[in-house]
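Please read the structure below before turning to the comments.
Side-chain atoms are counted along with the backbone in the values below, which use heavy atoms only and exclude waters and symmetry mates. Just so it is clear, the model here is predicted, and its values are computed rather than measured. Reminder, nothing fancy here: chain letters follow the sequence lines and each chain counts from 1.
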Number of protein chains: 2
Amino acid sequence: MARPSVPILSGERIRAVALGIIDRDGLEGLSMRKLAGELGVRAPSLYGHVTTKDELLHDVANGILEQVDLSGFEGGDWQHGLVACARSYRAALARHSNIVPFLAYGPARRESSLRWMDTLHGALVAAGWPRRHATMIAASLMYLVFGATMTSFSSGFSDDETFYPDRFRHLDKAHLLPKVAEELDRDSFELALSAFVDGLELLRVASNFQV
Amino acid sequence: MARPSVPILSGERIRAVALGIIDRDGLEGLSMRKLAGELGVRAPSLYGHVTTKDELLHDVANGILEQVDLSGFEGGDWQHGLVACARSYRAALARHSNIVPFLAYGPARRESSLRWMDTLHGALVAAGWPRRHATMIAASLMYLVFGATMTSFSSGFSDDETFYPDRFRHLDKAHLLPKVAEELDRDSFELALSAFVDGLELLRVASNFQV
DNA sequence: ACCTGAACACCGTTCAAGT
DNA sequence: ACCTGAACACCGTTCAAGT
């Protein structure tokens, strides 16, 4: 039928199925025709609910970023706030790592990224950090979160155990990595995060920035 | 003419022009037809020299990664080595930031990334770090380098000075960022790098890992 | 109001044909 | 040996037409 009594499509359903395809098939695996097909519809129908594929991706992205918890600074401890916000940011992105390359493109124009930056910047200035340092610290955390979720360092290793040892003698355990990829990625992120924050505290004391 | 006396194409020339297009028009701006056009040729001709677009991108990527300097560890100081290698890695990627999203995809299967990882891992173990810590430290640096070059945090800000202040009170200077984007990105990376290494030294001493 | 088929201008890639 | 035109199976998107 050309016109069902109850509309098949809605912005919400389109975004949900689109994210599902991205999670399953990757960012390149999402096409308007495939998306339409999984929604039981033809591609042109989507354009009654969505202005463009790019905007659809932005909407999906914002839906993910809205889940980031910014309440970590409420206690007033800037170190705890940084760690909590970065952790929450990473957790939200790690659940949908295939979309991260899209997220990384132009974060400074995205409302939700700006709110994150603004919260961090404000809390750091309130904690005594100079404005420029606050900007750089927030930028550094963004680097770390995006790098950690996008690079997917560990999951890319081959699980063929003959692949590494002969050519790279320090990587003779590398074929074991995929099995523990998720854990290793999370631990590496936590190590980077805590070492970074510890290093910042050293700098703060050495520079005599007041709390 | 269908067959020039001197071949127009070569793998090297194709890669150079392809990288030029990526730098100028972005990763999505590279198509085989456009590439062929700038080489004075039709698209199918490229396939005599290149097996696939994906492989061409890998070759271009490897050409960039070969410029990374791994000699920083030769002095034996692991902290200096980490900083030097990370700096060199970032510098190579920052020169061609449009290709970084492609690089981030599956770094663990790329020869040049593996050499980088292997060098760092070996040097860290030699400096007394446990193997698992060495892996996590190398991963952390990879996160930082890729995040810093890909996110391009500062360059994405709007230069419209009315864009930020009313909505985000802590970002009232944000419209100035594009002008100093490059410097801020580099300074943020340096801050993250030194704070991270300082934090690692704290951890090393606290954990009593021997040099 | 909502969905469709046909069409347009693009892709990456193949392959028989030309010189 | 090297390049080409035509073709195939895809894209995102538009639009007049159907109910």
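- One finds a side-chain N or O of His49(A) lying less than 4.0 angstrom from the OP1 or OP2 phosphate oxygen of dC3(C).
- Summarising the geometry, the separation between CZ on Arg13(A) and C1' on dC3(C) is reported as 14 Å, rounded to the nearest angstrom.
- Comparing dG12(C), dG5(D), dA6(C) against the side chain of Pro44(B) picks out dG5(D) as the nearest.
- Contact annotation: Ser45(B) does not reach the phosphate of dC2(D) (side-chain N/O to OP1 or OP2, under 4.0 Å).
- Residue contacts for Leu30(B): at a heavy-atom cut-off of 4.0 Å it reaches the sugar-phosphate backbone alone, with no base atom in range.
- Atoms CZ (Arg42(B)) and P (dG18(C)) sit 18 Å apart, rounded to a whole Å.
- To the nearest angstrom, P of dG12(C) lies 11 Å from CG of Leu27(B).
- In the set dT4(C), dC15(C), dC11(C), the nucleotide with an atom closest to the side chain of Ser31(B) is dC11(C).
- Rounding to whole angstrom units, NZ of residue Lys34(B) and C1' of dC11(D) are separated by 16 Å.
- For the residue pair Asp54(B) and Thr52(B), no side-chain donor N or O sits within less than 3.5 Å of a side-chain acceptor on the partner.
- Rounded to whole angstrom, the span from the CG atom of Leu39(B) across to the P atom of dC2(D) amounts to 15 Å.
- Across all strands shown, nothing is found opposite dC11(D) as a Watson-Crick or G-U wobble partner with both distances under 3.5 Å.
- Whole-Å rounding puts the Met32(B) CE to dC3(D) P distance at 14 Å.
- The distance from atom OH of Tyr47(A) to atom P of dT4(C) is 14 Å, rounded to the nearest whole Å.
- Of the residues listed (Tyr143(B), Phe189(B), Trp116(B)), the one engaging Tyr89(B) in a ring pair (Phe, Tyr, Trp, His ring centres under 6.0 Å) is Trp116(B), and it is the only one.
- In this model, the phosphate group of dT13(D) is approached by a side-chain N or O of Thr52(A) to a distance below 4.0 Å at OP1 or OP2.
- Using modelled atom types, one finds no donor on one side chain facing an acceptor on the other under 3.5 Å when comparing His49(A) with Ser10(A).
- Per the geometry, CD1 belonging to Ile21(B) stands 11 Å off P belonging to dC11(C), to the nearest Å.
- Nucleotide dA16(C) has dT4(D) as its partner under the Watson-Crick or G-U criteria, with both atom distances under 3.5 Å.
- Taking for each of Ala43(B) and Leu46(A) the nucleotide of DNA chain C with the nearest heavy atom, the 5'-most of the two is the partner of Leu46(A).
- Here the side chain of Thr149(B) pairs a donor or acceptor atom with the backbone of Phe146(B) at under 3.5 angstrom.
- Heavy atoms of other residues, nucleotides or ligands lying less than 6.0 angstrom from CD of Gln79(A) number more than 12.
- For a distance-only test at 3.5 Å, the side chain of Arg33(B) qualifies as a donor-acceptor partner of the base of dG12(C).
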